[in-house]
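Input: a single structure, listed below in structure tokens.
As the structure lists them, so they are numbered: ligands from 1, and atoms in each ligand from 1. Quantities reported herein were computed from a predicted structural model and do not represent experimental measurements.
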Amino acid sequence: MAAKTGVDLSKVRNIGIMAHIDAGKTTTTERILYYTGMSYKIGEVHDGAATTDWMEQEQERGITITSAAVTCKWPVEDVEHTINIIDTPGHVDFTVEVERSLRVLDGAVTVFDGVAGVEPQSETVWRQADRYGVPRICFVNKLDRTGADFHRCVDMIVTRLNAVPLVMQLPIGAEADFLGVIDLVRMKALVWNAEAKLGEMYNEVEIPEDLLDAAEEARATLIETLSENDDELMEQFLEGEEPSVEQIRAGVRRATLGAKLTPVFCGTAFKNKGVQPLLDAIVRYLPSPLDVEAIEGHKMGDEETVIARKPSEDEPFSGLAFKIMSDPHLGKLTFVRVYSGVLEAGSSVLNSVRNKKERIGKIYRMHANKREEIDRVGAGDIVAVMGLKQTTTGETLADDKHPVVLESMSFPAPVIHVA
Ligand code: GDP
């Protein structure tokens with residue numbers, strides 16, 4: 001059996017960012033990579049330039065995301081988390097590709113344009129995500145634009161998507177005067193200065209006097225909505241007990257993982273007001289690979305016999321090739337989500353759809369600015385692999401002594417486990 005990787009899966013998030021075209025998916029992703037790049041001391045893991053060098057170069061034009069999956073790091077309460085962002089095509093023409101990406105991610109951020117609200121493509125992708133039971137959080141973007149209306153967008157999440165939104169923040173100011181957000185869990189105002197530049201952190205201050213009543217009311221609604229969907233909090237609610245910040249967060253996480261509620265955040269990716277709290281929310285509320293109890297596949301040549309693989313390095317290796325790209329320097333790269341076991345560079349695996357052996361060449365973790373070669377990758381993680389000759393998108397790779405086929409014509413939905 002291959003050596004373990006030592007990765008703590010509970011600190012990994014595999015997410016997609018979904019949006020109607022022009023809502024700000026690219027900008028939001030770029031900002032995420034920017035902020036995570038700033039916080040991540042790349043020198044510790046990589047050789048080469050310090051983070052700030054490339055950040056400075058890239059600042060003006062933004063970071064271009066060319067990879068099918070990109071890895072970044074974000075600390076929450078001083079604990080570093082790994083976020084793998086899987087590219088989710090926004091266009092309905094790529095429905096099969098969207099479905100395939102939904103298959104390999106564990107949670108998603110849906111970005112809405114604060115002016116246009118819920119648009120047709122967001123509806124389409126939302127329903128696809130519903131079908132796969134993908135837990136989602138929402139980001140109402142572009143609140144700096146003329147005509148932006150956070151509350152209208154929240155209403156549209158109800159009427160157009162039939163979802164139950166959980167309003168986690170209120171905007172401070174509007175349009176050109178949009179200044180920041182109120183964190184309704186902690187009852188703090190997070191404000192940027194009016195001319196906030198890329199990279200600036202927000203200041204945490206008391207909630208402005210004129211917004212206090214609205215914030216208290218919104219917080220009460222948040223706790224009530226949560227309680228209605230959560231037995232633990234309901235008991236407390238009925239006894240008139242105020243839940244703590246930790247209890248509210250745990251409740252939001254349970255409701256999100258169970259796809260009962262969808263937490264809603266807001267801001268502007270354009271001027272960077274709101275993306276840092278959104279990163280915190282990704283870590284706090286979206287699932288880790290461990291929250292998916294097992295992935296189901298079937299025996300080779302026998303679609304009736306179901307085989308389940310747990311997200312553990314102790315299980316035999318199984319993974320799904322979800323995207324093939326041509327890298328200008330490396331040539332053909334196959335992006336693989338590992339579901340179970342460990343995949344090692346230089347090893348041999350079985351393409352269980354074609355019943356053909358494949359040799360794994362080098363394995364890379366793709367960061368926004370560079371690739372990192374690694375020896376092995378474990379369950380729950382996403383990497384790019386060189387050397388695969390016969391594998392195409394959607395095919396399963398497996399331990400040749402324990403073959404399994406993860407994807408057939410109709411993909412089995414992942415089983416979401418609610419703690
Ligand atoms: P995508 O098609 O969803 O990837 O959208 P983009 O990220 O490419 O954004 C579409 C356009 O909206 C671009 O011109 C962005 O500069 C702009 N944009 C993105 N986010 C914001 C925002 O928060 N505020 C404003 N005013 N414009 C934004």
Side-chain angles (χ1 to χ4, degrees), residues 15-36 58-70 72 85-95 97-98 101-102 105 108-126 128-129 136-154 156-157 160-161 169-181 190-200 202 264-279 281-282 368:
I15 64 149
I17 300 181
M18 318 189 305
H20 185 98
I21 194 142
D22 261 4
K25 185 181 89 168
T26 311
T27 314
T28 306
T29 310
E30 285 175 357
R31 292 304 176 250
I32 287 178
L33 296 178
Y34 180 81
Y35 283 110
T36 55
E58 301 280 351
Q59 252 185 46
E60 293 310 314
R61 58 193 171 93
I63 302 147
T64 318
I65 306 114
T66 49
S67 180
V70 56
C72 56
I85 303 175
I86 297 115
D87 185 41
T88 316
H91 204 277
V92 274
D93 287 356
F94 300 118
T95 298
E97 283 216 34
V98 174
S101 63
L102 288 175
L105 50 82
V109 177
T110 311
V111 178
F112 299 106
D113 179 326
V115 180
V118 177
E119 297 172 271
Q121 279 165 32
S122 344
E123 284 185 56
T124 311
V125 190
W126 189 272
Q128 286 168 329
R136 269 148 287 171
I137 61 178
C138 297
F139 182 65
V140 180
N141 186 33
K142 301 198 186 186
L143 287 189
D144 60 310
R145 277 187 66 199
T146 309
D149 188 335
F150 174 66
H151 298 286
R152 184 182 57 215
C153 190
V154 172
M156 288 174 88
I157 292 173
R160 296 274 171 91
L161 304 177
Q169 296 173 335
L170 289 185
I172 303 172
E175 303 181 347
D177 296 322
F178 173 72
L179 291 180
V181 297
L190 317 180
V191 292
W192 285 257
N193 70 48
E195 300 303 321
K197 297 204 171 49
L198 192 55
E200 277 187 0
Y202 53 81
V264 185
F265 302 84
C266 62
T268 155
F270 200 47
K271 293 195 175 154
N272 325 304
K273 298 172 186 170
V275 173
Q276 293 148 318
L278 179 67
L279 272 161
I282 288 168

What part of K25, side chain, backbone, both or neither, has a heavy atom within less than 4.0 angstrom of ligand 1? both
Counting from 1 in the order shown, the ligand 1 atoms closer than 4.0 Å to a non-hydrogen atom of N141 are 20 (N), 21 (C), 22 (C), 23 (O)
Heavy-atom side-chain proximity of V109 to F265 below 4.5 angstrom: no
May I ask you to identify the nearest protein heavy atom to atom 19 (C) of ligand 1, giving residue, atom name and distance to one decimal place in Å? T27 OG1, 3.3 Å
What is the minimum heavy-atom distance between G267 and F178, and which atoms define it? CA-CZ, 3.6 Å
Any side-chain heavy atom of F112 within less than 4.5 Å of one from I157? yes
State, with a plain yes or no, whether a side-chain heavy atom of L33 is found less than 4.5 Å away from one of I85. yes
Minimum heavy-atom distance V181-C266, with the two atoms named: CG1-O, 3.4 Å
Using a strict 4.0 Å cut-off to heavy atoms of H20, name the atoms of ligand 1 that fall inside it. 3 (O)
Which residue and heavy atom of the protein sit nearest atom 5 (O) of ligand 1, plus the separation: G24 N, 3.2 Å
Nearest heavy atoms of V115 and R152, plus distance in Å: O-NH2, 2.9 Å
Within-4.5 Å side-chain heavy-atom neighbours: I282 and I15: yes
Quick look: D144 vs ligand 1, heavy-atom contacts under 4.0 Å, and the answer is side chain
Shortest non-hydrogen contact from C72 to T36? CB-OG1, 3.2 Å
What's the shortest distance from atom 11 (C) of ligand 1 to any protein heavy atom, and which residue and atom give it? K142 NZ, 4.0 Å
Considering only protein heavy atoms, which is closest to atom 2 (O) of ligand 1, and at what distance to one decimal place? D22 N, 2.7 Å
Numbered atoms and elements of ligand 1 in range of I21, under 4.0 angstrom, heavy atoms: 2 (O)
Taking C-beta and beyond as the side chain, do M18 and R136 meet within less than 4.5 Å on heavy atoms? yes
Between T27 and N141, does the side chain to side chain contact (heavy atoms under 4.5 Å, CB included) criterion hold? Intermediate values first, please. CA-CA 10 Å; T27 314; N141 186 33; 5.6 Å; no
Polar contacts were defined as any N/O atom of the residue lying under 3.5 Å from an N/O atom of the ligand; does this apply to F270 and ligand 1? yes
Can you check atom 25 (C) of ligand 1: any protein non-hydrogen atom closer than 4.0 Å? yes
Considering the heavy atoms of A269, write down every atom of ligand 1 situated less than 4.0 Å from one of them. 23 (O)
If you measure every N or O of T28 against every N or O of ligand 1, does any of those distances drop under 3.5 Å? no
Right, does atom 14 (O) of ligand 1 have protein non-hydrogen atoms nearer than 4.0 Å? no
By number and element, which atoms of ligand 1 are closer than 4.0 Å to a non-hydrogen atom of T268? 22 (C), 23 (O), 24 (N)
Atom 4 (O) of ligand 1: nearest protein contact (heavy atom, Å): T26 OG1, 2.4 Å
